[in-house]
There are 2 protein chains.
Amino acid sequence: MLDKSHKHVSCATCQARKKSLFSANFDENLSHLEEHKSCSYFKKNQPLFIEGSFPRGVYCLNQGKVKVFARGDEGKEQIIHIAKEGEIIGFRAMFSGDMYKVSATALEDANICFISKDDFLDMIDTNPTLRNGIMRELSKELGDRAVFITNMAQKSVRERLAAALIILDDVYSGEQINLTREDLANFVGTATETLIRLLKDLKEEGVIDIHTRKLEIIDKDKLMKIAGGR
Amino acid sequence: MLDKSHKHVSCATCQARKKSLFSANFDENLSHLEEHKSCSYFKKNQPLFIEGSFPRGVYCLNQGKVKVFARGDEGKEQIIHIAKEGEIIGFRAMFSGDMYKVSATALEDANICFISKDDFLDMIDTNPTLRNGIMRELSKELGDRAVFITNMAQKSVRERLAAALIILDDVYSGEQINLTREDLANFVGTATETLIRLLKDLKEEGVIDIHTRKLEIIDKDKLMKIAGGR
DNA sequence: ATAAAAAAATGACATACATCATCTTTCGTT
DNA sequence: AACGAAAGATGATGTATGTCATTTTTTTAT
């Protein structure tokens, strides 16, 4: 279980960091990062930042998943991304100069480090490797979202659900997917009831198994086939 | 009418440039840009680059609009963006290191300048202003796409059409919108037939006027209302 | 000017999905 | 352990939108 206090995580030993943008060629900057970051414990459902506010810094996920979502006109959430350990989130709005277009909320109890805007921009300016990493990340996400938009526009809900499960299987690194039906529906872009029915179908087809809230993927190949063409 | 030859456009006098990322604090770099760019004439429907290929450089639109689109599993186009004069396109994949996730095609006869990958990356490295502009642009687009995804997931086709027309009114800077019904449908994310019917509805409601292929916006306020809530 | 090709328009029809209402199960708190 | 609240599940119903087929209009090329 996670320590409930403000646990200070050392960047030097942080496992999550090694998979992050702070990984390569970063040894000489580690102490700087170490000094300027602060760690906090986020309870499940606690927001990191909220759409419409201005960014104060970036968040580095040490432990726990975070949903990144926008709200439609009726307030319904559309989950854009589910971030896992090692990811750095919230930097988009720091470069665009405008407010957050999305919100981020902890999906489970989490350990998250914070680096202030000034410190982060400083590091970007002085560290070309980090900067290139950020630019690569921005670009990669931009490509991902083009695909996301296309899937939204052209795939059926069933296909999108299959695609979402494949993505989530990776996010949860083989662990069982642990999301409320509502969050899953808001990721796929459908009504909760529809999602529940389609999950049941997939279960009956032997593609997944449902353990109450947790979803286990049984037949990934079939899932990919469903997600793919018609 | 546009000159059909390889017209060399001078960056110094290029009107489009002034609205572009190459605008601010760029005087001392103008000659460099001038030397390293090449101009070409693109015929309507001529591709600039194609999904799956690797980027060779960036394209700077001097005259003429360009559609940026992805293809779904069945090959159907999903238009992600319609670029107008002054925009620079195709740089995403240069930073991500991977292939284009989208294609770009001239929507009309166009004058487009090209800057090779090496030259462009060079400029990025040595010119912080340009670099920041690029980062701002990447970030802004990323935010736009979060909204795009949300609209796709939550709005009706009619609402999306209204939203698209508002965007296009800006792209065409008050000129009449000039797109095939199919392209418009592929931007809105719907079937061509559905789009045609909804356009007719809007016309009957006095919101737009249809001059064969060209669309004129009559009542923008009403359009915004339709695009907005329910 | 005319033919051929592409785009636009219209109608008929089928269905995937949203919505609303209700019920059951699970979870979190005291 | 027990209560209330949240999450999950199921059924009934309506409709927005996709699909297919055909016709009309516009554009392009010879």
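Below, read A as the first sequence line, B as the second, and so on, with proteins coming before strands; counting in each chain starts at 1. Remember, it's a predicted structure, so these values are computed and weren't measured experimentally.
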* **C:dC17 base / A:E193 side chain donor-acceptor hit below 3.5 Å** => no

* Distance, rounded to the nearest Å, where A:N178 contributes CG and C:dT26 contributes C1' -> 13 Å

* Taking B:E85 for the side chain and B:G64 for the main chain, is one N or O donor matched with an acceptor at less than 3.5 Å? -> yes

* Distance in angstrom units between A:L161 CG and C:dC17 P, rounded -> 11 Å

* Position toward the 5' end of DNA chain D (nearest nucleotide), A:T180 or A:A153 -> A:T180

* To do: Grab the CD1-P distance between A:I226 and C:dA16 for me, whole Å please.
  => 15 Å

* To do: Look at the rings of B:F120 and B:F91 and say which category their plane angle falls in: under 30° parallel, 30 to 60° tilted, over 60° perpendicular.
  => parallel

All N/O contacts under 3.5 Å from nucleotides 1-5 of chain C to the protein, with atom names and distances to one decimal?
none

* Interatomic distance, B:H211 NE2 vs D:dT25 C1' [rounded to whole Å] -> 17 Å

* Asked: So does A:K200 get a side-chain nitrogen or oxygen closer than 4.0 Å to the phosphate oxygens (OP1/OP2) of D:dT10?
  -> yes

* Asked: Taking CZ from A:R213 and P from D:dG8, how many angstroms apart are they, rounded to a whole number?
  -> 6 Å

* Of A:L199 and B:R158, whose nearest nucleotide on DNA chain D comes first from the 5' end? -> A:L199

* Would you say a side-chain N or O of A:T194 is under 4.0 Å from OP1 or OP2 of C:dA16? -> no

* Scan B:T192 against the nucleic acid and name what it touches under 4.0 Å (heavy atoms): base, sugar-phosphate only, or nothing. => nothing

* Could you tell me whether the side chain of B:K44 and the main chain of B:A110 form a donor-acceptor pair under 3.5 Å? => no

* **Pairwise 5' ranking along DNA chain C for A:A191 and B:I196, keeping only the more 5' one** => B:I196

* Asked: How long is the line joining CD of B:Q154 and C1' of D:dA16, in whole Å?
  -> 17 Å

* Report yes or no: does A:Q63 contribute a side-chain atom to a donor-acceptor pair with the main-chain N or O of A:I112 at less than 3.5 Å? => no

* With a cut-off of 6.0 Å (strictly less than), are more than 12 heavy atoms of other residues, nucleotides or ligands near NZ of A:K214? -> no

* Asked: Hey, is the side chain of B:T212 poking within less than 4.0 Å of OP1 or OP2 on C:dA8, counting only N and O atoms?
  -> no

* Cation-aromatic face contact A:K65/A:Y172, 6.0 Å, 45 degrees -> yes

* Structure fact -> By salt bridge (Lys or Arg N to Asp or Glu O under 4.0 Å), A:R160 pairs with (sequence neighbours left out) none

* Asked: When the ring planes of A:Y100 and A:F49 are compared, do they come out parallel, tilted or perpendicular, using 30° and 60° as the limits?
  -> parallel

* What integer distance in Å separates A:E204:CD from D:dT10:C1'? -> 12 Å

* To do: Between B:R197 and B:N45, name the one whose nearest nucleotide on DNA chain C is closer to the 5' end.
  => B:N45

* Could you work out which one of C:dA8, C:dC20, C:dC17 sits closest to the side chain of A:V157? => C:dC17

* Rounded off to whole Å, could you give me the CZ-to-C1' distance for the B:R181 and C:dA8 pair? => 7 Å

